[in-house]
Amino acid sequence: QVQLVESGGGLVQAGGSLRLSCAASGIVFSINAMGWYRQAPGKQRELVARISSGGTTRYADPVKGRFTISRDNAGNTLYLQMNSLKPEDTAVYYCQIGGSYYSSSSRADFGSWGQGTQVTVSS
């Protein structure tokens with residue numbers, strides 16, 4: 001079965017950096033598009049960044065220029081480098097695999113999802 005395990009979340013001050021990792025198993029990693037999504041308290045889950053099987057990337061407007069999504073196909077791992085963090089970035093961050101690179105869906109039935117990792121940015 002597909003398993004996605006996020007790590008790297010934690011507490012950071014505004015302006016700081018954090019790197020999230022997502023280890024995948026039970027799926028052919030290299031042929032699948034993947035993404036990072038986040039859900040803040042009282043908000044719906046939203047797209048943060050998406051990466052195609054070939055490495056093409058796209059980002060939500062609030063994180064453009066600050067976050068970088070990347071993948072290591074040999075290691076079956078997805079990354080999210082977060083720089084210049086803001087308090088409004090505080091959320092649970094989820095790793096996702098599968099579906100179209102071009103999809104804007106954040107539904108639970110869109111591919112497979114990890115358990116999430118908490119990112120808290122203080123002022």
Side-chain angles (χ1 to χ4, degrees):
Q1 57 184 331
V2 178
Q3 290 186 312
L4 300 174
V5 181
E6 300 99 332
S7 61
L11 302 173
V12 64
Q13 291 186 326
S17 297
L18 209 59
R19 172 177 275 200
L20 305 184
S21 299
C22 171
S25 62
I27 191 168
V28 181
F29 184 89
S30 62
I31 66 170
N32 280 279
M34 300 187 73
W36 285 100
Y37 300 74
R38 68 187 183 187
Q39 187 168 26
K43 304 291 186 179
Q44 295 188 59
R45 184 160 58 192
E46 64 180 8
L47 173 70
V48 174
R50 198 145 175 81
I51 185 167
S52 74
S53 60
T56 304
T57 60
R58 61 188 178 96
Y59 300 88
D61 286 342
V63 309
K64 285 181 180 176
R66 300 189 297 120
F67 291 10
T68 302
I69 188 171
S70 61
R71 64 192 296 160
D72 175 9
N73 286 345
N76 285 11
T77 305
L78 180 73
Y79 299 98
L80 184 68
Q81 178 66 47
M82 304 184 291
N83 298 326
S84 302
L85 283 161
K86 304 174 180 180
E88 52 262 46
D89 294 319
T90 295
V92 177
Y93 283 71
Y94 296 91
C95 173
Q96 185 272 348
I97 188 167
S100 173
Y101 168 71
Y102 299 98
S103 178
S104 60
S105 177
S106 59
R107 291 171 54 91
D109 61 357
F110 178 60
S112 298
W113 297 83
Q115 83 288 350
T117 186
Q118 177 71 46
V119 172
T120 302
V121 184
S122 66
S123 59

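Sequence positions, counted from 1, serve as the residue numbers for this chain.
The shortest side-chain heavy-atom distance between V63 and R38 falls under the 4.5 Å cut-off. Using a 4.5 Å heavy-atom threshold, the side chains of L20 and V119 count as touching. Inter-residue side-chain proximity for S17 and Q81 is flagged as met; some heavy-atom pair is nearer than 4.5 Å. Using a 4.5 Å cut-off on side-chain heavy atoms (C-beta onward), F67 and N83 make no contact. Looking at T120 and V12, their side chains never come closer than 4.5 Å, going by heavy atoms from C-beta outward. Side chains of R66 and Y59 form no contact here, defined as non-hydrogen atoms less than 4.5 Å apart.
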When you look at T56 and I51, which way does the side-chain contact (heavy atoms from CB on, under 4.5 Å) test go after all the steps? CA-CA 5 Å; T56 304; I51 185 167; over 6 Å; no
Trace of the side-chain contact (heavy atoms from CB on, under 4.5 Å) decision for T68 with L80: CA-CA 6 Å; T68 302; L80 184 68; over 6 Å; no
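Taking the ring centre of W113 as origin, the terminal cationic atom of R107 falls outside the region bounded by 6.0 Å and 45° from the ring axis. Both tests pass for R45 against the ring of Y94: distance under 6.0 Å to the centre and angle within 45° of the axis. Taking the ring centre of Y101 as origin, the terminal cationic atom of R58 falls inside the region bounded by 6.0 Å and 45° from the ring axis.
Checked by atom type and distance alone, the side chain of E6 never pairs as donor or acceptor with a backbone atom of C22 at under 3.5 Å. Panel note: side chain S21, backbone S7; no donor-acceptor pair is recorded below 3.5 Å. Of the possible polar contacts, none joining the N76 side chain to the D72 backbone as a donor-acceptor pair under 3.5 Å is found. Remark: the backbone N or O of Y37 is not paired with any side-chain donor or acceptor of R50 at under 3.5 angstrom. Between the R71 side chain and the L78 main chain, no donor and acceptor come within less than 3.5 Å of each other. In this structure a side-chain-to-backbone donor-acceptor pair under 3.5 Å is missing from Q1 to Q3. Of the possible polar contacts, none joining the S103 side chain to the S100 backbone as a donor-acceptor pair under 3.5 Å is found. A donor-acceptor pair is defined here as one N or O able to donate and one able to accept, closer than 3.5 Å; no such pair exists between the side chain of Q13 and the backbone of V121.
Around atom CD of Q44, no more than 12 heavy atoms belonging to other residues, nucleotides or ligands sit under 6.0 Å away.
Of all heavy-atom pairs spanning S123 and A14, the tightest one is CA-CB, 4.4 Å. In terms of heavy-atom proximity, C95 sits nearest to L4 at O-CD1, 3.7 Å. Scanning both residues, R19 and Y79, for their nearest heavy atoms gives CD-CD2, 4.1 Å. Summarising the geometry of G99 relative to A33, their closest heavy-atom pair is O-CB, 3.7 Å, with the distance given to 0.1 Å. Here the closest heavy-atom approach between residue Q118 and residue A91 is recorded as NE2-O, 3.4 Å.
I97 and L47 end up in different hydrophobic clusters when Ile, Leu, Val, Met, Phe, Trp and Tyr side chains are linked at under 4.5 Å. In terms of hydrophobic clustering, with Ile, Leu, Val, Met, Phe, Trp and Tyr side chains grouped at heavy-atom distances under 4.5 Å, W36 and I27 are assigned to a common cluster.
Within the model, atoms CE of M34 and OG of S52 stand 12.0 Å from one another, a figure rounded to the nearest 0.5 Å.
For D61 and K64, the salt-bridge test passes: some basic side-chain N is under 4.0 Å from an acidic carboxylate O.
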